[in-house]
Chemist: 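I'd like to ask some things about the structure below.
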Amino acid sequence: MVVPPPHPISKWLVTTEWLAANLGAPGLVVLDGSFYLPAMKRDAAAEYLAGHIPGAIRFDIDEVADHSTDLPHMLPSPEDFAVAVGKLGVGDQDTIVAYDGHGMFSSPRAWFTFRLFGADKVFVLEGGLPKWKAECRALESGPVMHSPKTFAARKRGDVVASLARVQQALASRSAQIVDARSPERFRGEAPEPRPGVRSGRIPGSYNVPSNSIVKDGLLLPPDELRQAFAAGGLDLDKPIITSCGSGVSAAILWLALDAIGREPAALYDGSWSEWGARDDLPVATGPA
C-alpha cells in the first residue's frame, strides 16, 4: 500500500511531485473533487471531461449528498455514501488523494467527507490542478471508470454540527463559531450566491476568510495560520465549530486548524445556507 511521506505543514497534504511519481500504484485513488460557486462561472463536470489528472475519478459533492433536503450538498448517510463511492471504485482501505481545479477550495471538503466516513488514508493535493498544470504534468480527457469496490463506512465521532448544536454552543458559549466566507459576505455587504438566503452572519460568530489561510492553492505555514486565526479573534485553546456558505470552505478551516494541532469540535454542515434562509433566526450585519 502506497502512503505519502509526512508533509511539513500538514500530515494530510501531498505534493504534486509525490503524486506524479506514484500515479497508477496499487491502492492509490485520485479524486477530482472540483466544485464552484455560481459567481465563479465554471462548470466542474465539463472541465473534468476536458482535462484531469490521469486516472482521476470525478467526485461530485452535489451527487454524493443527502437528497432528502433542499440544502446544498449536505452530507449523506454512511450507508448512502458507502454505496455511492463503492460504485465509483473507491474502497475504505485505499490511499485517496483529492484535488480541485481552483487549487485548494473544495478538495478539503472531499477530504473531510471521506475521513468522516472512516477512510484513514485520505489526503489533499497541495496546489491542486493549477499547480499540476503549471508544472506541465500529464492530463487526460474523458470519463474514468473504475471497477466497483467495497467501502465499509463508519461515521467518525460527533463532528458534524446541526443547527440546534450551533444554537446551543452560542447560548452556552461552549464553542466558537468561525465563518470562512469573505469579509463582505460576513458583514452583509455582498449578496449571497443562493436565492432566498439573507446577507449577514450568525450573531456572535467570528470571521477567518478561507483566502486568508490559503495562497495560490497552498496552505500557509503554521505560524501564519495561527496569526490568521488570532486576527479573526479566535481563542485557539477553546472549542471551535467551522462554518461558511454551504459547508465547503468550512473544511478548509478544519484542515488549517488541524495543521496547527487544534482540530475543531465540529463542522456546521448547513452553514449560512441553512441559517440565512431561516426568517426565524437572527442575523448580524456590519463590523463584528
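Predicted, not measured: the structure shown is a model, and the values here were computed from it. We use all heavy atoms of the structure for the numbers below, so side chains are in, but hydrogens, waters and symmetry mates are not.
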Chemist: Side chains of Ser107 and Asp100: any donor to acceptor distance under 3.5 Å?
Modeler: yes

Chemist: Same cluster or not: are Val214 and Phe123 linked, directly or through other Ile, Leu, Val, Met, Phe, Trp or Tyr residues, by side-chain heavy atoms under 4.5 angstrom apart?
Modeler: yes

Chemist: Using 30° and 60° as the class boundaries, would you call the ring planes of Tyr48 and His52 parallel, tilted or perpendicular?
Modeler: parallel

Chemist: When you look at Phe112 and Val159, which way does the side-chain contact (heavy atoms from CB on, under 4.5 Å) test go after all the steps?
Modeler: CA-CA 10 Å; Phe112 175 85; Val159 296; 4.3 Å; yes

Chemist: Between CG of Asp269 and CG of Leu163, what distance do you get to the nearest 0.5 Å?
Modeler: 12.0 Å

Chemist: Quick one: does Asp223's side chain get under 4.5 Å of Ile260's, heavy atoms only?
Modeler: no

Chemist: Does Asp179 offer a backbone N or O that forms a donor-acceptor pair with the side chain of Asn207 under 3.5 Å?
Modeler: yes

Chemist: Could you walk me through whether Met74 and Ser246 satisfy the side-chain contact (heavy atoms from CB on, under 4.5 Å) test, starting with their C-alpha distance in whole Å, then the side-chain angles of each, then the deciding distance to 0.1 Å, before giving a yes or no?
Modeler: CA-CA 8 Å; Met74 293 286 282; Ser246 63; over 6 Å; no

Chemist: Give a yes or no answer on whether the side chain of Arg198 reaches the backbone of Gly276 with a donor-acceptor pair at less than 3.5 Å.
Modeler: yes

Chemist: What pair of heavy atoms forms the shortest contact from Gln176 to Gly233, and how long is it?
Modeler: OE1-O, 4.4 Å

Chemist: One thing to verify: whether Glu263 and Lys11 come together as a salt bridge, which I'm taking to mean a side-chain N less than 4.0 angstrom from a carboxylate O.
Modeler: no

Chemist: Under a 3.5 Å distance rule, please check whether Thr242 uses its side chain to pair with a backbone N or O of Leu253 as donor and acceptor.
Modeler: no

Chemist: Honestly curious: do Val283 and Leu170 fall in one hydrophobic cluster under the side-chain, below-4.5 Å linking rule?
Modeler: yes

Chemist: Would Ser210 and Arg181 count as having a side-chain donor-acceptor pair, cut-off 3.5 Å?
Modeler: no

Chemist: So, the side chain of Ser271 versus the backbone of Gly245: is there a donor-acceptor pair under 3.5 Å, distance only?
Modeler: no

Chemist: Checking His7 against Thr15: is there a side-chain donor and acceptor pair closer than 3.5 Å?
Modeler: no

Chemist: Might you work through the salt bridge (Lys or Arg N to Asp or Glu O under 4.0 Å) test for Asp92 and Lys121, ending with a clear yes or no?
Modeler: CA-CA 8 Å; Asp92 57 291; Lys121 298 182 291 294; over 6 Å; no

Chemist: Centres of the Phe114 and Phe81 rings: under 6.0 Å?
Modeler: yes

Chemist: side-chain contact (heavy atoms from CB on, under 4.5 Å) between Val160 and Leu75: does it pass, once the steps are laid out?
Modeler: CA-CA 9 Å; Val160 180; Leu75 291 161; 3.7 Å; yes

Chemist: Given side chains that start at C-beta, do those of Trp254 and Pro108 come closer than 4.5 Å, heavy atoms only?
Modeler: no

Chemist: Do Val30 and Ile57 have side chains that approach each other closer than 4.5 Å (heavy atoms only, starting at C-beta)?
Modeler: no

Chemist: Nearest 0.5 Å, what's the CD1-CG distance between Ile202 and Leu281?
Modeler: 8.5 Å

Chemist: Given side chains that start at C-beta, do those of Ser182 and Pro209 come closer than 4.5 Å, heavy atoms only?
Modeler: no

Chemist: Are any of the side-chain heavy atoms of Trp18 and Val97 separated by less than 4.5 Å?
Modeler: yes

Chemist: Please evaluate residues Glu192 and Arg201 with respect to the criterion salt bridge (Lys or Arg N to Asp or Glu O under 4.0 Å), reporting the C-alpha separation (whole Å), side-chain torsions for both, the decisive distance (0.1 Å), and the verdict.
Modeler: CA-CA 11 Å; Glu192 285 299 304; Arg201 64 179 178 275; over 6 Å; no

Chemist: Roughly how far apart are Phe35 CZ and Asp60 CG, rounded to 0.5 Å?
Modeler: 9.0 Å

Chemist: I'd like to know if the side chain of Ser243 and the backbone of Ile177 have a donor-acceptor N/O pair within less than 3.5 Å.
Modeler: no

Chemist: Might you point out which heavy atoms bring Leu139 and Ile53 nearest each other, and give the distance in Å?
Modeler: CD2-N, 4.1 Å

Chemist: Could you go through the side-chain contact (heavy atoms from CB on, under 4.5 Å) check for Val122 and Asp94 one step at a time?
Modeler: CA-CA 8 Å; Val122 55; Asp94 286 332; over 6 Å; no

Chemist: What closest approach, in Å, do Met104 and Ile252 show between heavy atoms, and which atom pair accounts for it?
Modeler: O-CD1, 3.6 Å

Chemist: Looking at Ser77 and Asp80, would you say the former's side chain and the latter's main chain have a donor-acceptor pair under 3.5 Å?
Modeler: yes

Chemist: Kindly state whether the ring of Phe151 and the ring of Phe117 have centres lying under 6.0 angstrom apart.
Modeler: no

Chemist: Say whether, by atom type as modelled, one donor and one acceptor occur between the side chain of Arg187 and the main chain of Thr285 under 3.5 angstrom.
Modeler: no

Chemist: Any sub-3.5 Å donor-acceptor pair from Trp272's side-chain atoms to Gly247's backbone N or O?
Modeler: no

Chemist: Walk me through it: do Asp120 and Arg156 pass the test salt bridge (Lys or Arg N to Asp or Glu O under 4.0 Å)?
Modeler: CA-CA 10 Å; Asp120 294 319; Arg156 188 192 302 271; 3.3 Å; yes

Chemist: Between Pro148 and Lys87, is there a side-chain heavy-atom distance shorter than 4.5 Å?
Modeler: no

Chemist: State whether a side-chain donor-acceptor pair under 3.5 Å links Glu126 with Tyr99.
Modeler: no

Chemist: Give me the atom names and distance for the closest heavy-atom approach of Ala84 to Val64.
Modeler: CB-CG1, 4.0 Å

Chemist: How close do Leu255 and Trp12 get, counting heavy atoms only, and between which atoms?
Modeler: CD1-CB, 3.9 Å

Chemist: Check whether any side-chain heavy atom of Thr150 lies under 4.5 Å from a side-chain heavy atom of Gln93, and answer yes or no.
Modeler: no

Chemist: With a 4.5 Å cut-off on side-chain heavy atoms, are Leu88 and Leu31 touching?
Modeler: no

Chemist: Starting at CZ of Arg42, measure out to NE2 of His102 and round the result to the nearest 0.5 Å.
Modeler: 7.0 Å

Chemist: Which distance, rounded to the nearest 0.5 Å, do you find between the OG1 of Thr113 and the CZ of Phe59?
Modeler: 5.5 Å

Chemist: Specify the closest pair of heavy atoms between Gly118 and Arg154, including all atoms of both residues, with the distance to one decimal.
Modeler: O-NH2, 2.9 Å

Chemist: I'd like to know if Asp216 and Lys131 make a salt bridge, using a cut-off of under 4.0 Å between side-chain N and carboxylate O.
Modeler: no

Chemist: Can you tell me how far the CD atom of Glu17 sits from the CG atom of Asn22, to the nearest 0.5 Å?
Modeler: 12.0 Å

